[in-house]
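Note that ligands are numbered from 1 as they come in the structure, with each ligand's atoms numbered from 1 the same way.
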Amino acid sequence: MTEGDELHDVVVVGAGFAGIAMGVALKASGRDFLILEKADEIGGTWRENRYPGCACDVPAHLYSFSFEPNPYWSKTFADADEIQDYLLYCVEKYALRPHVRTDATVQHARYDAATGVWTVTVASAWGELRQLRARALVLGVGALHEPVVPDLPGLETFEGELRHTATWDRGLSVQGRRVGVIGTGSSGVQIIPPLAEDAAHLTVFQRTPAWVLPRDNTDYSEATIDRFERHPMVMRAHRTQLRATHDARGRAFTDHPGLLRAMQLRARRHLAAAVSDPTLRERLTPGYTMGCKRILLSDAYYPAMARPDVTLATDAIERVEPRAVVTADGTRHEVDFLVLATGFDPIGSYRYLGVAGLDGRVLGQEFAHDAQTYLGVTVPAFPNLFVLLGPNTLLGHTSVLLMLEAQVALTMRLLDERDRRGARAVQVRPEVVPGFMAEIDRRSEGSVWESGCHSWYLDDAGRNRTLWPGSVREYERRLTRPELVDYTFG
Ligand code: NAP
(Lines give C-alpha, C1' and ligand atoms only; values in the text may rest on other atoms or scores of the structure.)
Protein backbone atom coordinates (compact mmCIF):
# COMPACT_ATOMS: atom_id res chain seq x y z
CA MET A 1 0.00 0.00 0.00
CA THR A 2 1.33 3.41 -0.95
CA GLU A 3 0.44 5.95 1.74
CA GLY A 4 1.11 9.09 -0.27
CA ASP A 5 0.60 12.67 0.83
CA GLU A 6 -1.87 13.18 -1.96
CA LEU A 7 -4.52 15.51 -0.60
CA HIS A 8 -7.31 16.89 -2.75
CA ASP A 9 -9.96 19.41 -2.02
CA VAL A 10 -12.57 17.11 -3.58
CA VAL A 11 -12.46 13.49 -4.73
CA VAL A 12 -15.29 12.39 -7.00
CA VAL A 13 -16.01 8.68 -7.44
CA GLY A 14 -17.25 7.74 -10.91
CA ALA A 15 -16.81 9.41 -14.30
CA GLY A 16 -20.29 8.98 -15.74
CA PHE A 17 -22.75 11.84 -16.24
CA ALA A 18 -22.66 12.59 -12.48
CA GLY A 19 -18.87 12.71 -12.12
CA ILE A 20 -18.52 14.78 -15.27
CA ALA A 21 -21.19 17.30 -14.21
CA MET A 22 -19.45 17.63 -10.84
CA GLY A 23 -16.07 17.99 -12.57
CA VAL A 24 -17.33 20.81 -14.78
CA ALA A 25 -18.57 22.75 -11.72
CA LEU A 26 -15.39 22.10 -9.75
CA LYS A 27 -13.23 23.16 -12.68
CA ALA A 28 -15.18 26.43 -13.05
CA SER A 29 -14.73 27.12 -9.33
CA GLY A 30 -10.97 26.67 -9.48
CA ARG A 31 -11.02 24.00 -6.76
CA ASP A 32 -8.53 21.17 -6.75
CA PHE A 33 -10.22 17.85 -7.53
CA LEU A 34 -9.71 14.32 -8.77
CA ILE A 35 -12.25 12.02 -10.44
CA LEU A 36 -11.64 8.31 -9.82
CA GLU A 37 -13.03 5.87 -12.39
CA LYS A 38 -12.66 2.12 -12.07
CA ALA A 39 -13.03 1.45 -15.80
CA ASP A 40 -10.48 2.39 -18.41
CA GLU A 41 -12.62 5.17 -19.87
CA ILE A 42 -15.21 7.72 -18.78
CA GLY A 43 -18.93 7.35 -19.60
CA GLY A 44 -20.48 5.24 -16.84
CA THR A 45 -23.62 3.49 -17.97
CA TRP A 46 -23.17 4.67 -21.58
CA ARG A 47 -19.70 3.15 -21.80
CA GLU A 48 -20.72 0.01 -19.95
CA ASN A 49 -23.95 -0.97 -21.72
CA ARG A 50 -23.05 -2.23 -25.17
CA TYR A 51 -25.96 -4.52 -25.88
CA PRO A 52 -27.63 -4.23 -29.29
CA GLY A 53 -30.41 -1.65 -29.27
CA CYS A 54 -29.12 0.22 -26.21
CA ALA A 55 -30.44 3.77 -26.29
CA CYS A 56 -31.92 6.41 -24.04
CA ASP A 57 -35.69 6.67 -23.74
CA VAL A 58 -35.53 10.36 -22.81
CA PRO A 59 -35.19 12.74 -25.78
CA ALA A 60 -31.54 13.67 -26.39
CA HIS A 61 -32.14 17.41 -26.25
CA LEU A 62 -33.44 16.91 -22.71
CA TYR A 63 -30.98 14.17 -21.80
CA SER A 64 -27.97 16.46 -22.13
CA PHE A 65 -26.46 19.10 -19.88
CA SER A 66 -28.28 22.46 -19.81
CA PHE A 67 -24.88 24.15 -19.99
CA GLU A 68 -23.78 22.12 -23.01
CA PRO A 69 -26.62 21.94 -25.53
CA ASN A 70 -25.74 19.85 -28.56
CA PRO A 71 -27.23 20.89 -31.91
CA TYR A 72 -25.92 17.73 -33.57
CA TRP A 73 -28.11 15.06 -31.95
CA SER A 74 -29.00 12.90 -34.92
CA LYS A 75 -32.44 11.81 -33.73
CA THR A 76 -35.02 12.32 -30.99
CA PHE A 77 -33.73 9.43 -28.85
CA ALA A 78 -29.95 9.00 -28.99
CA ASP A 79 -28.33 5.59 -28.91
CA ALA A 80 -25.64 4.67 -26.39
CA ASP A 81 -22.70 5.40 -28.72
CA GLU A 82 -23.90 8.89 -29.53
CA ILE A 83 -24.35 9.69 -25.82
CA GLN A 84 -20.89 8.33 -25.05
CA ASP A 85 -19.44 10.56 -27.81
CA TYR A 86 -21.20 13.54 -26.21
CA LEU A 87 -19.64 12.74 -22.82
CA LEU A 88 -16.19 12.33 -24.37
CA TYR A 89 -16.67 15.71 -26.04
CA CYS A 90 -17.64 17.31 -22.69
CA VAL A 91 -14.55 15.90 -20.99
CA GLU A 92 -12.33 17.46 -23.66
CA LYS A 93 -14.19 20.76 -23.91
CA TYR A 94 -14.12 21.36 -20.15
CA ALA A 95 -10.49 20.14 -19.89
CA LEU A 96 -11.34 17.42 -17.36
CA ARG A 97 -8.87 14.80 -18.63
CA PRO A 98 -6.02 15.81 -16.30
CA HIS A 99 -8.44 15.41 -13.37
CA VAL A 100 -9.63 11.90 -14.31
CA ARG A 101 -7.79 8.84 -13.06
CA THR A 102 -9.04 5.70 -14.82
CA ASP A 103 -8.43 2.08 -13.78
CA ALA A 104 -8.82 3.35 -10.21
CA THR A 105 -11.30 1.40 -8.08
CA VAL A 106 -12.24 2.89 -4.73
CA GLN A 107 -12.15 0.06 -2.23
CA HIS A 108 -12.98 2.01 0.87
CA ALA A 109 -13.13 5.49 2.30
CA ARG A 110 -12.91 6.41 5.96
CA TYR A 111 -13.83 9.73 7.54
CA ASP A 112 -11.63 11.24 10.22
CA ALA A 113 -13.68 13.48 12.52
CA ALA A 114 -10.61 15.20 13.97
CA THR A 115 -9.46 16.58 10.62
CA GLY A 116 -12.66 16.47 8.54
CA VAL A 117 -10.71 14.56 5.90
CA TRP A 118 -11.62 11.37 4.03
CA THR A 119 -8.92 8.77 3.46
CA VAL A 120 -9.68 6.89 0.26
CA THR A 121 -8.08 3.56 -0.62
CA VAL A 122 -7.84 3.02 -4.35
CA ALA A 123 -6.84 -0.13 -6.22
CA SER A 124 -5.29 0.15 -9.66
CA ALA A 125 -6.14 -2.29 -12.46
CA TRP A 126 -2.86 -4.09 -11.75
CA GLY A 127 -3.71 -4.50 -8.06
CA GLU A 128 -1.59 -1.79 -6.49
CA LEU A 129 -3.25 -0.13 -3.48
CA ARG A 130 -2.83 3.55 -2.87
CA GLN A 131 -4.24 5.94 -0.28
CA LEU A 132 -5.20 9.51 -0.92
CA ARG A 133 -7.04 12.07 1.14
CA ALA A 134 -9.86 14.47 0.38
CA ARG A 135 -11.59 17.34 2.17
CA ALA A 136 -14.83 16.23 0.51
CA LEU A 137 -16.01 13.04 -1.13
CA VAL A 138 -18.63 13.03 -3.90
CA LEU A 139 -20.22 9.74 -4.96
CA GLY A 140 -21.37 9.61 -8.57
CA VAL A 141 -21.52 5.83 -8.70
CA GLY A 142 -24.92 5.35 -10.29
CA ALA A 143 -27.97 3.35 -9.34
CA LEU A 144 -27.98 1.14 -12.42
CA HIS A 145 -24.57 -0.40 -12.16
CA GLU A 146 -24.62 -3.65 -10.19
CA PRO A 147 -26.38 -6.26 -12.35
CA VAL A 148 -28.98 -8.48 -10.72
CA VAL A 149 -28.30 -12.14 -11.51
CA PRO A 150 -31.51 -14.04 -10.69
CA ASP A 151 -31.35 -16.90 -8.25
CA LEU A 152 -32.53 -19.58 -10.72
CA PRO A 153 -31.89 -23.24 -9.84
CA GLY A 154 -29.27 -24.68 -12.17
CA LEU A 155 -28.16 -21.36 -13.68
CA GLU A 156 -24.55 -22.24 -12.81
CA THR A 157 -24.84 -25.43 -14.89
CA PHE A 158 -25.72 -23.61 -18.11
CA GLU A 159 -23.16 -24.54 -20.75
CA GLY A 160 -24.03 -22.02 -23.45
CA GLU A 161 -23.15 -18.31 -23.53
CA LEU A 162 -24.59 -16.49 -20.49
CA ARG A 163 -24.73 -12.69 -20.51
CA HIS A 164 -26.32 -9.94 -18.49
CA THR A 165 -27.28 -7.00 -20.72
CA ALA A 166 -24.79 -4.86 -18.78
CA THR A 167 -21.85 -7.16 -19.56
CA TRP A 168 -22.35 -7.44 -23.30
CA ASP A 169 -19.25 -7.33 -25.50
CA ARG A 170 -19.48 -5.66 -28.86
CA GLY A 171 -18.17 -8.66 -30.79
CA LEU A 172 -20.89 -11.01 -29.49
CA SER A 173 -23.09 -12.50 -32.17
CA VAL A 174 -26.26 -14.54 -31.82
CA GLN A 175 -26.34 -15.38 -35.51
CA GLY A 176 -27.83 -18.82 -35.99
CA ARG A 177 -28.16 -19.49 -32.24
CA ARG A 178 -31.16 -20.36 -30.10
CA VAL A 179 -31.41 -17.44 -27.73
CA GLY A 180 -33.37 -16.95 -24.51
CA VAL A 181 -33.98 -13.52 -22.94
CA ILE A 182 -35.11 -13.35 -19.31
CA GLY A 183 -36.78 -10.04 -18.49
CA THR A 184 -38.98 -7.55 -20.31
CA GLY A 185 -38.04 -4.25 -18.64
CA SER A 186 -36.30 -1.30 -20.38
CA SER A 187 -33.20 -3.32 -21.28
CA GLY A 188 -35.17 -6.40 -22.38
CA VAL A 189 -37.51 -4.46 -24.63
CA GLN A 190 -34.52 -2.77 -26.29
CA ILE A 191 -32.44 -5.92 -26.85
CA ILE A 192 -35.27 -8.25 -27.97
CA PRO A 193 -35.91 -6.75 -31.46
CA PRO A 194 -32.27 -6.89 -32.69
CA LEU A 195 -31.81 -10.37 -31.23
CA ALA A 196 -35.00 -11.55 -32.92
CA GLU A 197 -33.54 -10.36 -36.23
CA ASP A 198 -30.31 -12.33 -35.86
CA ALA A 199 -31.07 -15.42 -33.77
CA ALA A 200 -32.17 -18.76 -35.22
CA HIS A 201 -34.93 -18.73 -32.61
CA LEU A 202 -35.69 -16.41 -29.70
CA THR A 203 -37.58 -17.33 -26.52
CA VAL A 204 -38.64 -14.45 -24.28
CA PHE A 205 -39.20 -15.36 -20.63
CA GLN A 206 -41.66 -12.80 -19.31
CA ARG A 207 -42.63 -12.64 -15.65
CA THR A 208 -44.64 -9.41 -15.88
CA PRO A 209 -45.72 -7.74 -19.14
CA ALA A 210 -44.64 -4.12 -19.64
CA TRP A 211 -46.64 -1.12 -20.75
CA VAL A 212 -45.09 -0.06 -24.05
CA LEU A 213 -45.83 3.18 -25.89
CA PRO A 214 -44.75 4.15 -29.42
CA ARG A 215 -41.29 5.65 -29.54
CA ASP A 216 -41.59 7.66 -32.75
CA ASN A 217 -37.85 8.16 -33.04
CA THR A 218 -37.28 10.59 -35.87
CA ASP A 219 -34.06 11.87 -37.39
CA TYR A 220 -33.35 15.57 -37.06
CA SER A 221 -33.05 16.85 -40.63
CA GLU A 222 -29.90 18.62 -41.74
CA ALA A 223 -31.93 21.84 -41.94
CA THR A 224 -33.03 21.47 -38.29
CA ILE A 225 -29.51 20.73 -37.10
CA ASP A 226 -28.28 23.73 -39.05
CA ARG A 227 -30.97 25.91 -37.48
CA PHE A 228 -30.10 24.67 -33.97
CA GLU A 229 -26.43 25.39 -34.68
CA ARG A 230 -27.00 28.91 -35.96
CA HIS A 231 -29.80 29.85 -33.56
CA PRO A 232 -29.17 28.43 -30.08
CA MET A 233 -32.37 30.09 -28.86
CA VAL A 234 -34.40 27.87 -31.19
CA MET A 235 -32.64 24.82 -29.76
CA ARG A 236 -33.32 26.01 -26.22
CA ALA A 237 -36.99 26.53 -27.07
CA HIS A 238 -37.09 22.92 -28.31
CA ARG A 239 -35.64 21.72 -25.00
CA THR A 240 -38.11 23.86 -23.05
CA GLN A 241 -41.00 22.37 -24.97
CA LEU A 242 -39.72 18.81 -24.40
CA ARG A 243 -39.34 19.54 -20.73
CA ALA A 244 -42.88 20.89 -20.41
CA THR A 245 -44.36 17.80 -22.11
CA HIS A 246 -42.45 15.46 -19.84
CA ASP A 247 -43.25 17.46 -16.68
CA ALA A 248 -46.94 17.07 -17.44
CA ARG A 249 -46.49 13.28 -17.58
CA GLY A 250 -44.85 13.40 -14.15
CA ARG A 251 -47.92 14.94 -12.59
CA ALA A 252 -49.94 11.94 -13.75
CA PHE A 253 -47.86 9.65 -11.52
CA THR A 254 -48.69 11.46 -8.31
CA ASP A 255 -51.73 13.70 -8.90
CA HIS A 256 -53.67 12.86 -12.06
CA PRO A 257 -54.08 9.10 -12.55
CA GLY A 258 -56.80 9.81 -15.15
CA LEU A 259 -54.03 10.83 -17.55
CA LEU A 260 -52.49 7.38 -17.09
CA ARG A 261 -55.74 5.74 -18.21
CA ALA A 262 -55.57 7.69 -21.46
CA MET A 263 -51.97 6.57 -21.94
CA GLN A 264 -52.93 2.96 -21.20
CA LEU A 265 -55.48 3.13 -24.00
CA ARG A 266 -52.77 4.36 -26.37
CA ALA A 267 -50.49 1.51 -25.32
CA ARG A 268 -53.27 -1.06 -25.90
CA ARG A 269 -53.82 0.34 -29.41
CA HIS A 270 -50.05 0.19 -30.02
CA LEU A 271 -50.08 -3.49 -29.02
CA ALA A 272 -53.15 -4.29 -31.11
CA ALA A 273 -51.65 -2.66 -34.19
CA ALA A 274 -48.66 -5.03 -34.10
CA VAL A 275 -50.05 -8.25 -32.62
CA SER A 276 -53.10 -9.74 -34.31
CA ASP A 277 -53.23 -12.99 -32.29
CA PRO A 278 -55.66 -12.27 -29.40
CA THR A 279 -54.06 -14.86 -27.10
CA LEU A 280 -50.58 -13.42 -27.55
CA ARG A 281 -52.02 -9.93 -27.11
CA GLU A 282 -53.64 -10.98 -23.86
CA ARG A 283 -50.37 -12.44 -22.56
CA LEU A 284 -48.54 -9.21 -23.42
CA THR A 285 -51.11 -7.01 -21.67
CA PRO A 286 -50.12 -5.78 -18.20
CA GLY A 287 -52.46 -6.18 -15.28
CA TYR A 288 -51.14 -3.26 -13.22
CA THR A 289 -51.60 0.47 -13.59
CA MET A 290 -49.30 2.09 -16.10
CA GLY A 291 -46.40 3.95 -14.47
CA CYS A 292 -46.11 1.54 -11.53
CA LYS A 293 -43.03 0.25 -13.37
CA ARG A 294 -41.12 2.33 -15.87
CA ILE A 295 -43.16 3.05 -19.02
CA LEU A 296 -41.30 1.68 -22.01
CA LEU A 297 -40.99 3.19 -25.47
CA SER A 298 -40.53 0.95 -28.50
CA ASP A 299 -41.82 0.64 -32.04
CA ALA A 300 -39.93 -2.60 -32.64
CA TYR A 301 -40.81 -4.67 -29.56
CA TYR A 302 -44.35 -5.83 -30.40
CA PRO A 303 -43.55 -6.60 -34.06
CA ALA A 304 -40.63 -8.71 -32.78
CA MET A 305 -42.91 -10.57 -30.36
CA ALA A 306 -45.33 -11.30 -33.21
CA ARG A 307 -42.64 -13.05 -35.33
CA PRO A 308 -43.11 -16.78 -35.95
CA ASP A 309 -39.53 -17.46 -34.80
CA VAL A 310 -40.11 -15.77 -31.43
CA THR A 311 -41.74 -17.66 -28.54
CA LEU A 312 -43.21 -15.96 -25.49
CA ALA A 313 -42.90 -18.06 -22.32
CA THR A 314 -44.97 -16.77 -19.42
CA ASP A 315 -44.84 -19.71 -17.01
CA ALA A 316 -42.34 -19.26 -14.18
CA ILE A 317 -38.83 -20.51 -14.78
CA GLU A 318 -38.41 -23.71 -12.78
CA ARG A 319 -34.77 -24.47 -13.53
CA VAL A 320 -31.95 -23.98 -15.96
CA GLU A 321 -30.23 -26.99 -17.52
CA PRO A 322 -26.95 -27.06 -19.47
CA ARG A 323 -28.76 -26.30 -22.76
CA ALA A 324 -32.32 -25.40 -21.79
CA VAL A 325 -34.63 -23.36 -19.59
CA VAL A 326 -37.47 -25.39 -18.09
CA THR A 327 -40.69 -23.59 -17.18
CA ALA A 328 -43.32 -24.59 -14.62
CA ASP A 329 -45.62 -26.02 -17.33
CA GLY A 330 -42.90 -28.61 -17.98
CA THR A 331 -41.73 -27.13 -21.31
CA ARG A 332 -38.00 -27.46 -22.04
CA HIS A 333 -36.99 -24.38 -24.01
CA GLU A 334 -33.72 -25.28 -25.71
CA VAL A 335 -31.29 -22.36 -25.78
CA ASP A 336 -27.59 -22.05 -26.33
CA PHE A 337 -27.35 -18.35 -25.52
CA LEU A 338 -29.09 -16.94 -22.44
CA VAL A 339 -29.44 -13.20 -21.89
CA LEU A 340 -30.27 -11.85 -18.46
CA ALA A 341 -32.17 -8.59 -18.91
CA THR A 342 -32.92 -8.75 -15.20
CA GLY A 343 -31.98 -5.24 -14.11
CA PHE A 344 -29.85 -3.73 -11.40
CA ASP A 345 -29.58 -3.42 -7.65
CA PRO A 346 -30.11 0.33 -7.10
CA ILE A 347 -28.02 0.41 -3.94
CA GLY A 348 -25.54 -2.19 -5.16
CA SER A 349 -22.87 0.39 -5.95
CA TYR A 350 -22.93 1.63 -2.36
CA ARG A 351 -22.89 -1.91 -0.96
CA TYR A 352 -19.53 -2.60 -2.57
CA LEU A 353 -17.93 0.69 -1.56
CA GLY A 354 -16.76 0.58 2.04
CA VAL A 355 -17.62 4.17 2.94
CA ALA A 356 -17.28 4.58 6.73
CA GLY A 357 -18.55 7.77 8.36
CA LEU A 358 -18.89 8.76 12.02
CA ASP A 359 -19.14 6.08 14.72
CA GLY A 360 -18.03 3.38 12.27
CA ARG A 361 -21.27 3.65 10.30
CA VAL A 362 -20.99 2.13 6.83
CA LEU A 363 -22.99 3.76 4.04
CA GLY A 364 -23.78 0.53 2.17
CA GLN A 365 -25.14 -1.08 5.34
CA GLU A 366 -27.21 2.01 6.19
CA PHE A 367 -28.68 2.10 2.69
CA ALA A 368 -29.34 -1.66 2.68
CA HIS A 369 -31.37 -1.21 5.88
CA ASP A 370 -33.17 1.97 4.76
CA ALA A 371 -31.71 4.57 2.40
CA GLN A 372 -32.27 7.64 4.57
CA THR A 373 -30.88 10.86 3.13
CA TYR A 374 -31.70 14.51 3.08
CA LEU A 375 -32.85 15.49 -0.41
CA GLY A 376 -30.97 12.45 -1.68
CA VAL A 377 -27.62 14.24 -1.36
CA THR A 378 -26.45 14.33 2.24
CA VAL A 379 -26.56 11.53 4.79
CA PRO A 380 -26.55 11.89 8.58
CA ALA A 381 -23.24 10.81 10.17
CA PHE A 382 -21.39 11.21 6.86
CA PRO A 383 -19.88 14.72 6.94
CA ASN A 384 -18.27 16.18 3.83
CA LEU A 385 -19.98 13.46 1.77
CA PHE A 386 -22.30 14.18 -1.15
CA VAL A 387 -24.28 11.65 -3.16
CA LEU A 388 -25.27 12.36 -6.77
CA LEU A 389 -28.32 10.65 -8.31
CA GLY A 390 -28.78 8.90 -4.99
CA PRO A 391 -31.89 7.54 -3.26
CA ASN A 392 -35.22 9.23 -3.99
CA THR A 393 -33.80 11.41 -6.74
CA LEU A 394 -34.42 9.32 -9.85
CA LEU A 395 -37.38 9.98 -12.12
CA GLY A 396 -39.76 7.84 -14.15
CA HIS A 397 -40.87 10.54 -16.57
CA THR A 398 -38.09 12.91 -17.58
CA SER A 399 -34.35 13.52 -17.60
CA VAL A 400 -32.48 12.76 -14.37
CA LEU A 401 -29.83 15.22 -15.50
CA LEU A 402 -32.14 18.01 -14.31
CA MET A 403 -31.96 16.53 -10.82
CA LEU A 404 -28.21 16.01 -11.15
CA GLU A 405 -27.49 19.63 -12.01
CA ALA A 406 -29.43 20.76 -8.93
CA GLN A 407 -27.42 18.32 -6.78
CA VAL A 408 -24.15 19.65 -8.14
CA ALA A 409 -25.29 23.21 -7.38
CA LEU A 410 -26.18 22.22 -3.79
CA THR A 411 -22.86 20.45 -3.28
CA MET A 412 -20.91 23.49 -4.51
CA ARG A 413 -22.98 25.80 -2.32
CA LEU A 414 -22.40 23.72 0.81
CA LEU A 415 -18.67 23.41 0.14
CA ASP A 416 -18.37 27.16 -0.43
CA GLU A 417 -20.32 27.89 2.74
CA ARG A 418 -18.18 25.46 4.74
CA ASP A 419 -15.02 27.17 3.54
CA ARG A 420 -16.43 30.69 3.96
CA ARG A 421 -17.12 29.89 7.59
CA GLY A 422 -13.65 28.41 8.03
CA ALA A 423 -15.25 25.11 9.07
CA ARG A 424 -13.70 21.69 8.63
CA ALA A 425 -16.93 19.90 7.89
CA VAL A 426 -20.48 20.34 6.68
CA GLN A 427 -23.15 17.79 7.45
CA VAL A 428 -26.91 17.54 7.49
CA ARG A 429 -28.51 17.93 10.92
CA PRO A 430 -29.66 14.40 11.87
CA GLU A 431 -32.95 15.76 13.24
CA VAL A 432 -33.93 17.06 9.78
CA VAL A 433 -33.82 13.66 8.11
CA PRO A 434 -36.80 11.85 9.74
CA GLY A 435 -39.10 14.69 8.64
CA PHE A 436 -37.80 14.50 5.09
CA MET A 437 -38.17 10.72 4.94
CA ALA A 438 -41.70 10.99 6.37
CA GLU A 439 -42.46 13.44 3.56
CA ILE A 440 -41.12 10.97 0.97
CA ASP A 441 -43.27 8.19 2.47
CA ARG A 442 -46.39 10.34 2.66
CA ARG A 443 -46.06 11.62 -0.92
CA SER A 444 -45.26 8.14 -2.27
CA GLU A 445 -48.21 6.51 -0.54
CA GLY A 446 -50.89 7.61 -2.98
CA SER A 447 -48.61 7.37 -6.00
CA VAL A 448 -48.85 4.88 -8.84
CA TRP A 449 -45.46 3.36 -7.83
CA GLU A 450 -46.99 1.96 -4.67
CA SER A 451 -50.15 0.74 -6.40
CA GLY A 452 -49.29 -2.93 -6.19
CA CYS A 453 -46.65 -4.00 -8.72
CA HIS A 454 -43.15 -5.30 -7.99
CA SER A 455 -40.39 -2.96 -9.16
CA TRP A 456 -36.86 -1.83 -8.39
CA TYR A 457 -38.34 1.52 -7.32
CA LEU A 458 -39.36 -0.08 -3.99
CA ASP A 459 -37.03 -1.52 -1.36
CA ASP A 460 -37.51 -4.86 0.40
CA ALA A 461 -39.98 -3.25 2.81
CA GLY A 462 -42.05 -1.91 -0.12
CA ARG A 463 -40.97 1.72 0.41
CA ASN A 464 -40.13 4.01 -2.47
CA ARG A 465 -36.43 4.68 -2.00
CA THR A 466 -35.65 5.38 -5.65
CA LEU A 467 -37.89 8.07 -7.12
CA TRP A 468 -38.47 11.71 -6.28
CA PRO A 469 -42.20 11.99 -5.53
CA GLY A 470 -42.57 15.62 -6.58
CA SER A 471 -41.93 17.91 -9.50
CA VAL A 472 -38.47 18.60 -10.84
CA ARG A 473 -39.09 22.32 -10.42
CA GLU A 474 -39.74 21.85 -6.71
CA TYR A 475 -36.58 19.77 -6.32
CA GLU A 476 -34.52 22.37 -8.19
CA ARG A 477 -35.94 25.11 -5.95
CA ARG A 478 -35.15 23.23 -2.76
CA LEU A 479 -31.58 22.48 -3.80
CA THR A 480 -30.57 25.71 -5.46
CA ARG A 481 -31.96 27.80 -2.59
CA PRO A 482 -31.05 25.53 0.31
CA GLU A 483 -32.06 26.10 3.92
CA LEU A 484 -28.59 26.41 5.40
CA VAL A 485 -30.03 25.96 8.91
CA ASP A 486 -30.56 22.31 7.96
CA TYR A 487 -26.79 21.78 8.02
CA THR A 488 -24.07 22.16 10.62
CA PHE A 489 -20.72 23.70 9.80
CA GLY A 490 -18.05 22.94 12.32
P1 NAP B 1 -35.80 -3.88 -14.78
O2 NAP B 1 -36.65 -2.77 -15.22
O3 NAP B 1 -35.60 -4.09 -13.34
O4 NAP B 1 -36.39 -5.18 -15.47
C5 NAP B 1 -35.93 -6.45 -15.12
C6 NAP B 1 -36.76 -7.49 -15.80
O7 NAP B 1 -36.29 -8.78 -15.45
C8 NAP B 1 -38.23 -7.45 -15.40
O9 NAP B 1 -39.02 -7.76 -16.51
C10 NAP B 1 -38.31 -8.53 -14.32
O11 NAP B 1 -39.59 -9.08 -14.17
C12 NAP B 1 -37.37 -9.55 -14.92
N13 NAP B 1 -36.84 -10.48 -13.95
C14 NAP B 1 -36.02 -10.20 -12.90
N15 NAP B 1 -35.75 -11.33 -12.22
C16 NAP B 1 -36.41 -12.33 -12.84
C17 NAP B 1 -36.54 -13.72 -12.59
N18 NAP B 1 -35.94 -14.30 -11.55
N19 NAP B 1 -37.31 -14.45 -13.45
C20 NAP B 1 -37.94 -13.86 -14.48
N21 NAP B 1 -37.85 -12.55 -14.75
C22 NAP B 1 -37.10 -11.79 -13.94
O23 NAP B 1 -34.33 -3.78 -15.41
P24 NAP B 1 -33.85 -3.07 -16.76
O25 NAP B 1 -34.73 -3.45 -17.89
O26 NAP B 1 -32.39 -3.32 -16.90
O27 NAP B 1 -34.09 -1.56 -16.46
C28 NAP B 1 -33.66 -0.98 -15.23
C29 NAP B 1 -33.70 0.50 -15.35
O30 NAP B 1 -32.61 0.92 -16.17
C31 NAP B 1 -34.92 1.07 -16.05
O32 NAP B 1 -36.04 1.19 -15.23
C33 NAP B 1 -34.40 2.38 -16.53
O34 NAP B 1 -34.45 3.34 -15.51
C35 NAP B 1 -32.96 2.07 -16.85
N36 NAP B 1 -32.79 1.83 -18.28
C37 NAP B 1 -33.05 2.87 -19.08
C38 NAP B 1 -32.94 2.74 -20.41
C39 NAP B 1 -33.24 3.94 -21.21
O40 NAP B 1 -33.67 3.82 -22.29
N41 NAP B 1 -33.01 5.14 -20.68
C42 NAP B 1 -32.57 1.53 -20.98
C43 NAP B 1 -32.31 0.45 -20.14
C44 NAP B 1 -32.42 0.61 -18.77
P45 NAP B 1 -40.65 -8.38 -13.14
O46 NAP B 1 -41.15 -7.16 -13.87
O47 NAP B 1 -41.67 -9.41 -12.93
O48 NAP B 1 -39.89 -8.03 -11.90
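In terms of polar-atom proximity, defined here as any N/O pair under 3.5 Å, S186 does make such a contact with ligand 1.
Remark: the H201 side chain and the T311 side chain contain an N/O donor-acceptor pair separated by less than 3.5 Å. In this model, a donor atom of one side chain and an acceptor atom of the other lie less than 3.5 Å apart for Y475 and Q407.
Taking a cut-off of under 4.0 Å to the non-hydrogen atoms of T208, the atoms of ligand 1 that pass are 45 (P), 46 (O), 47 (O). Near Y51, meaning under 4.0 Å from one of its heavy atoms, ligand 1 places the atoms 42 (C), 43 (C). Counting the atoms of ligand 1 from 1 in the order shown, those under 4.0 Å from a heavy atom of F344 are 26 (O). Counting the atoms of ligand 1 from 1 in the order shown, those under 4.0 Å from a heavy atom of H454 are 48 (O). Interface atoms of ligand 1 facing Q190, defined by a heavy-atom separation under 4.0 Å, are 40 (O), 42 (C). Residue R294 has at least one heavy-atom neighbour below 4.0 Å for each of these atoms of ligand 1: 31 (C), 32 (O), 33 (C), 34 (O).
Annotation: Y89 is not in aromatic contact with Y72 [ring centroid separation under 6.0 Å not met]. The aromatic ring centres of H164 and F344 sit less than 6.0 Å apart.
Residues meeting the salt bridge (Lys or Arg N to Asp or Glu O under 4.0 Å) test with E366, sequence neighbours left out: R361. Taking the salt bridge (Lys or Arg N to Asp or Glu O under 4.0 Å) definition, one finds that R97 meets it with E41, E92, sequence neighbours left out.
Atom 23 (O) of ligand 1 has its nearest heavy-atom neighbour, among A78, C453, G343, in G343. Across S187, P150, G183, A143, heavy-atom proximity to atom 26 (O) of ligand 1 is greatest for S187.
Of all protein heavy atoms, the one closest to atom 35 (C) of ligand 1 is L144 CD1, 3.4 Å. Of all protein heavy atoms, the one lying nearest to atom 20 (C) of ligand 1 is I182 CG2, 3.6 Å. Scanning the protein for heavy atoms near atom 9 (O) of ligand 1, the closest one is T184 N, 3.0 Å. From the protein, the heavy atom lying nearest to atom 32 (O) of ligand 1 is W456 NE1, 3.0 Å. In this structure, atom 41 (N) of ligand 1 lies nearest to the protein heavy atom D57 OD1, 3.0 Å. Among protein heavy atoms, the minimum distance from atom 4 (O) of ligand 1 is reached at G185 CA, 3.7 Å. Closest to atom 6 (C) of ligand 1, if we only count protein heavy atoms, is A341 O, 3.3 Å. When hydrogens are left out, the protein atom nearest atom 17 (C) of ligand 1 is R207 NH1, 3.4 Å; that is the closest non-hydrogen contact.
For D370 and R465, the salt-bridge test passes: some basic side-chain N is under 4.0 Å from an acidic carboxylate O.
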Before giving the answer on side chain to side chain contact (heavy atoms under 4.5 Å, CB included), spell out for F228 and Y220 the whole-Å C-alpha distance, their side-chain angles and the decisive distance to 0.1 Å. CA-CA 10 Å; F228 285 165; Y220 286 109; 4.1 Å; yes
Does the ring-ring contact (aromatic ring centres under 6.0 Å, His included) test come out yes or no for F65 and Y94, once each step is laid out? CA-CA 13 Å; F65 292 129; Y94 292 90; 8.1 Å; no
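When atom types are taken as modelled, the side chain of Y288 and the backbone of P209 share a donor-acceptor pair closer than 3.5 angstrom.
In this structure, R443 is positioned above the aromatic face of W468, its NZ or CZ under 6.0 Å from the six-membered ring centre and within 45° of the axis.
In this structure, K293 has a heavy atom closer than 4.0 Å to ligand 1.
Contact between H61 and L242 at its shortest, heavy atoms only, is CB-CD1, 3.8 Å.
Contacts with ligand 1 closer than 4.0 Å are made by no heavy atom of A316, backbone or side chain. By the criterion of a heavy-atom distance under 4.0 Å, the backbone of A55, and not its side chain, is placed next to ligand 1.
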